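Taking it in order: structure first as structure tokens, then the write-up.
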Amino acid sequence: MNVYRNPYHRFAGAVFAVIGIALAVADRSVIAGFPDRDSTWRIALYAAMLAGGVRFSAMRVAATAETLTVRNLLRTHVLRWEAVAGFALESSLVVELRDGRRIGCSAVQPTGLDRMAGRKGYAGSTAELLEARRRMSASPHRRP
């Protein structure tokens with residue numbers, strides 16, 4: 001299984017969760033006046049911050065021989081490779097399905113695609129691509 005995730009998402013999710021915990025611990029009025037409506041809403045907010053931070057840090061794309069699993073912030077998609085028509089690169093990676101649907105992969109940003117593809121980096125891969133195109137156009141035996 002190949003797992004791709006943005007390391008910055010893990011860090012940001014952990015920071016968000018820690019801030020939620022710190023606010024809950026520092027807010028003594030929540031514990032003192034728990035049954036009232038204001039403290040209940042604050043507890044719900046702190047719990048949402050903690051859950052959101054955990055979920056944000058767990059965003060990823062996992063590829064096996066049979067499936068592609070896209071775990072976004074609110075939803076997880078498990079796709080069979082037969083259902084995948086292709087990929088597009090927008091503000092993040094987008095999986096295009098044969099039925100016309102498109103699923104965004106928040107965990108894979110454009111800067112992470114080189115690592116995902118096993119290349120050395122955007123600048124290096126772009127230079128290699130341009131060099132390959134130049135060689136193909138200069139070759140007398142071009143393929144149509």
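Just so you know, these numbers come straight off a predicted model, no measurement behind them. The analysis underlying the following values was restricted to heavy atoms, covering all of them including side chains, and did not include hydrogens, waters or symmetry mates. One is the number of the first residue; the rest follow in order along the sequence.
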*In terms of hydrophobic clustering (I, L, V, M, F, W, Y; side-chain heavy atoms under 4.5 Å; direct or indirect links), are V78 and V84 co-clustered?*
no
*asked:* For residues I19 and F16: do they belong to one hydrophobic cluster (side chain heavy atoms under 4.5 Å, members Ile, Leu, Val, Met, Phe, Trp, Tyr)?
replied: yes
Could you tell me whether the side chain of [Y] reaches within less than 4.5 Å of the side chain of [X], counting heavy atoms only?
{"X": "L79", "Y": "L97", "value": "yes"}
{"X": "V95", "Y": "L68", "value": "yes"}
{"X": "R71", "Y": "V61", "value": "no"}
{"X": "V94", "Y": "F87", "value": "no"}

_Over 12 foreign heavy atoms within 6.0 Å of CZ, R75_ =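 No.
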_salt bridge (Lys or Arg N to Asp or Glu O under 4.0 Å) against E66, all qualifying residues, sequence neighbours excluded_ = none
By side chain to side chain contact (heavy atoms under 4.5 Å, CB included), which residues pair with [X], not counting sequence neighbours?
{"X": "N2", "value": "Y4"}
{"X": "V18", "value": "none"}
{"X": "L73", "value": "R55, F56, M59"}
{"X": "A17", "value": "L50"}

_Tell me every residue that passes side-chain hydrogen bond (donor to acceptor under 3.5 Å, both in side chains) with T69, counting only those two or more places apart in sequence or in another chain._
none
_Partners passing side-chain hydrogen bond (donor to acceptor under 3.5 Å, both in side chains) against R101 (at least two apart in sequence or in another chain)_ =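 R101 satisfies side-chain hydrogen bond (donor to acceptor under 3.5 Å, both in side chains) with D99 only.
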*Can you tell me which residue pairs pass the ring-ring contact (aromatic ring centres under 6.0 Å, His included) test with a partner in residues 63-86, sequence neighbours excluded?*
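Matches after skipping sequence neighbours: none remain.
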*Which pairs with one or both residues in residues 76-89 pass salt bridge (Lys or Arg N to Asp or Glu O under 4.0 Å), sequence neighbours excluded?*
R80-E82
*From R60 CZ over to N6 CG, what is the distance, rounded to the nearest 0.5 angstrom?*
14.5 Å
*Give every residue pair that meets the side-chain hydrogen bond (donor to acceptor under 3.5 Å, both in side chains) criterion with at least one member in residues 13-22, sequence neighbours excluded.*
none
_Minimum heavy-atom separation for A88 and E96, please, with both atom names._
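Reported closest heavy-atom pair: CB-OE2, 3.4 Å.
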*Taking all non-hydrogen atoms of both residues, which atom of C105 and which atom of S92 are closest, and how far apart?*
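Answer, listing the atom of C105 first, then S92: O-CB, 3.4 Å.
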*Under 3.5 Å, side chain of T67 to main-chain N/O of T64, donor-acceptor pair present?*
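Checking the backbone N and O of T64 against the side chain of T67, no donor-acceptor pair under 3.5 Å is found.
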